[in-house]
Structures are given as structure tokens and as C-alpha cells.
Amino acid sequence: MTTVLQINSSMHGKNAQSSRLATEFVQSLLAARQANRPGGNPGDTVIVRDLAKQPVPHLTAERFQALAAPASERTLDQQRVVAESDELIEELQRADVIVIGLPMYNFGVPSALKAYFDHVARAGVTFRYTANGPVGLLNGKKAYVFATRGGRYAGTPADLQTEYVRQFLGFIGIRDVEFVYAEGLALGVEQRIAAVADAVSRIGQLAA
Ligand SMILES: Cc1cc2nc3c(=O)[nH]c(=O)nc-3n(C[C@H](O)[C@H](O)[C@H](O)COP(=O)(O)O)c2cc1C
């Protein structure tokens with residue numbers, strides 16, 4: 001029994017290349033699990049969190065204060081903000097596998113994903129401070145990130161996105177992270193087809 005959380009962060013909805021790769025991976029993973037266990041895996045669950053369809057608001061001082069306020073002192077507005085954050089965090093806590101569709105926008109992550117990260121990094125809930133530094137609390141999970149880019153950056157100092165996402169996930173305890181890239185998508189039809197084919201082939205290997 002596995003719970004998969006798929007987080008789509010593209011603004012392009014169903015046409016998004018990153019979301020399509022993420023979906024392909026989730027379907028392949030579930031199909032492989034089914035094939036390996038003929039009786040099926042009736043407990044397998046997929047949660048899809050689409051950050052374009054249901055945007056998480058930008059973090060503001062008011063929202064941050066709500067997240068930091070002691071539970072007994074929260075106003076009604078603050079309780080609402082915390083409930084939104086709790087819902088996102090509960091999905092992460094339930095998930096065994098986290099799959100992220102990650103387009104590159106202006107050299108970084110979509111602001112929709114940054115807003116999401118800002119609402120799931122909660123001291124005492126997803127990480128805690130210790131004398132030896134912060135410790136992530138979302139342990140035992142595996143993450144797969146499907147990164148789509150118009151240009152080519154993987155493995156170069158210009159790829160600021162990969163280290164940022166790895167750093168953030170590690171901070172909340174998710175350290176087992178696999179990146180799959182489809183790069184050069186804006187560099188012509190041939191390069192685009194080849195990049196997507198490579199990513200799909202990698203998906204087949206990872207899901208098996
Ligand atoms: C607003 C915007 C900014 C972009 N910035 C970059 C960039 O900095 N570097 C890059 O390689 N591609 C960039 N691209 C291209 C996207 O990364 C590429 O089209 C990717 O496939 C988008 O994924 P999606 O279809 O899942 O949204 C940008 C595209 C958009 C729409």
C-alpha cells in the first residue's frame with residue numbers, strides 16, 4: 001500500500017510538459033506495482049496537488065504570524081491560514097512517494113511552488129531546531145522531480161534550481177531525491193523530441 005503525492009507546479013495545466021512527465025511516472029509506477037503483485041494493490045492512493053488550479057497564496061507577514069502563533073492564541077483568520085497549511089502538510093505526511101513536476105521559469109522554480117514551500121516549512125511540524133542545527137521531520141520518503149527547461153543547465157553552475165529544491169526537501173527531511181530532466185525543449189523540434197524520449201525512457205527504468 002503506497003500513497004503517492006503528485007505536485008504539479010506548472011502554470012500550463014494539462015498541457016504542461018513537467019506535469020505530463022510526472023503523470024507518466026505515477027502511472028508507470030502504479031502499473032509496475034500492479035504487475036509485480038497480480039492480486040493488485042488496492043490500497044495504493046494518488047493525491048494530485050495542482051498549484052495552478054489551487055494556488056497557495058504568497059507568504060505575507062500576517063500569514064507568517066498566523067503560522068507562528070501558539071494554537072491557543074490564534075484568531076479565526078489565523079486558524080484559517082493554519083488549516084490551509086495543515087492540509088498541505090498532511091498530504092506530505094501521508095505520502096510515501098512525492099512526485100514534483102518542475103518547470104524552470106526565469107532560472108528558478110515557479111513562484112507557485114515557492115509559495116507552497118513557504119507554507120509547508122513549519123518549525124515543530126516539518127522541521128525542528130536542535131543544538132546541532134535544523135532537523136527535518138518528514139522522514140522515510142522518496143521524491144522524484146521532473147524538471148523541464150527550454151535551455152540546458154543540468155550539471156552546470158547555472159542550474160540553481162536543482163540545488164535549491166534538493167536543499168529545501170532535505171531541510172524538511174526528504175533526502176532521497178531523484179531528478180529527471182527534459183532539457184533543451186525550446187531548442188528545436190528534434191531536440192525537444194529527443195529530450196522527452198530520454199525522460200520517458202528514464203521513467204520506465206525508475207518505475208520498474
Ligand atoms: C515565463 C517563462 C519563463 C521561462 N524561463 C526559462 C528559463 O529561465 N530557462 C529555461 O531554460 N527555460 C525557461 N522557460 C521555458 C520552460 O522552462 C519550458 O518551456 C518548460 O518546458 C516549461 O514547462 P511546463 O510546460 O511544465 O510549464 C520559461 C518559460 C516560461 C513560460
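Note that ligands are numbered from 1 as they come in the structure, with each ligand's atoms numbered from 1 the same way.
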> Considering distance alone, does some N or O of Tyr105 sit under 3.5 Å from an N or O of ligand 1?
Replying inline: yes
> Does an N or O anywhere in Pro103 fall below 3.5 Å from an N or O of ligand 1?
Replying inline: no
> Among all protein non-hydrogen atoms, which one is nearest to atom 25 (O) of ligand 1, and what is the separation to 0.1 Å?
Replying inline: Gln17 N, 2.9 Å
>> Using a plain distance cutoff, I'd like to know if Leu185 has any nitrogen or oxygen under 3.5 Å from a nitrogen or oxygen of ligand 1.
In response: no
>> Please report whether ligand 1 has a polar contact with Phe107, defined as an N or O pair separated by less than 3.5 Å (distance criterion only).
In response: yes
> Which is closest to atom 3 (C) of ligand 1 by heavy-atom distance: Thr148, Leu21, Asn106, Leu187?
Replying inline: Asn106
>> Looking at Met11, is its backbone amide N or carbonyl O close enough to the side chain of Tyr105 to form a donor-acceptor pair, meaning the two atoms are under 3.5 Å apart?
In response: yes
> Relative to each other, are the rings of Phe107 and Tyr153 parallel, tilted or perpendicular (30° and 60° limits)?
Replying inline: perpendicular
>> Below the 3.5 angstrom mark, is there an N/O of Asn15, backbone or side chain, next to an N/O of ligand 1?
In response: no
> Which protein heavy atom lies closest to atom 9 (N) of ligand 1, and at what distance to 0.1 Å?
Replying inline: Tyr153 OH, 3.0 Å
>> Applying salt bridge (Lys or Arg N to Asp or Glu O under 4.0 Å) to Glu24 and Arg20, what does each step give before you reach the verdict?
In response: CA-CA 6 Å; Glu24 168 103 17; Arg20 276 160 48 181; over 6 Å; no
Under 3.5 Å donor-acceptor pairs involving side-chain atoms of residues 127-140, not counting sequence neighbours:
| residue | atom | partner | partner atom | Å |
| --- | --- | --- | --- | --- |
| Thr130 | OG1 | Asn132 | N | 3.1 |
| Thr130 | OG1 | Gly133 | N | 3.3 |
| Thr130 | OG1 | Gly133 | O | 2.6 |
| Asn139 | OD1 | Arg175 | NH2 | 3.4 |

>> Taking Gly101's backbone N and O only, do any of them form a donor-acceptor pair with Ser9's side chain (distance below 3.5 Å, no angle check)?
In response: yes
> Which of these, Met104, Arg152, Arg192, has its nearest heavy atom closest to atom 17 (O) of ligand 1?
Replying inline: Met104
> Does a salt bridge link Arg63 with Asp118, judged by any charged N lying under 4.0 Å from a carboxylate O?
Replying inline: no
> Any N or O on His12 sitting closer than 3.5 Å to an N or O of ligand 1?
Replying inline: yes
> Is Ser18 in polar range of ligand 1, meaning some N or O pair under 3.5 Å apart?
Replying inline: yes
>> Please list, in number order, the atoms of ligand 1 under 4.0 Å from a heavy atom of Arg149.
In response: 11 (O), 17 (O)
> Evaluating non-hydrogen atoms only, which member of Ser9, Pro110, Ser10 is closest to atom 24 (P) of ligand 1?
Replying inline: Ser10
>> So, using side-chain contact (heavy atoms from CB on, under 4.5 Å) as the criterion, who are the partners of Val26 when residues are at least two apart?
In response: Val4, Gln6, Leu30, Val46, Val99
> Going by an N to O cut-off under 4.0 Å, is there a salt bridge joining Glu90 and Arg94?
Replying inline: no
>> If you scan the protein for heavy atoms around atom 12 (N) of ligand 1, do you find one that is closer than 4.0 Å?
In response: yes
> Does ligand 1 have an atom that lies less than 4.0 angstrom from a heavy atom of Met11?
Replying inline: yes
>> Looking only at protein heavy atoms, which one is nearest to atom 18 (C) of ligand 1, and what is the separation?
In response: Gly150 N, 3.7 Å
> Does any N or O in the side chain of Thr126 come within less than 3.5 Å of the main-chain N or O of Val120, such that one atom is a donor and the other an acceptor?
Replying inline: yes
>> Run Phe168 and Val109 through side-chain contact (heavy atoms from CB on, under 4.5 Å) and show every step you take.
In response: CA-CA 12 Å; Phe168 180 82; Val109 304; over 6 Å; no
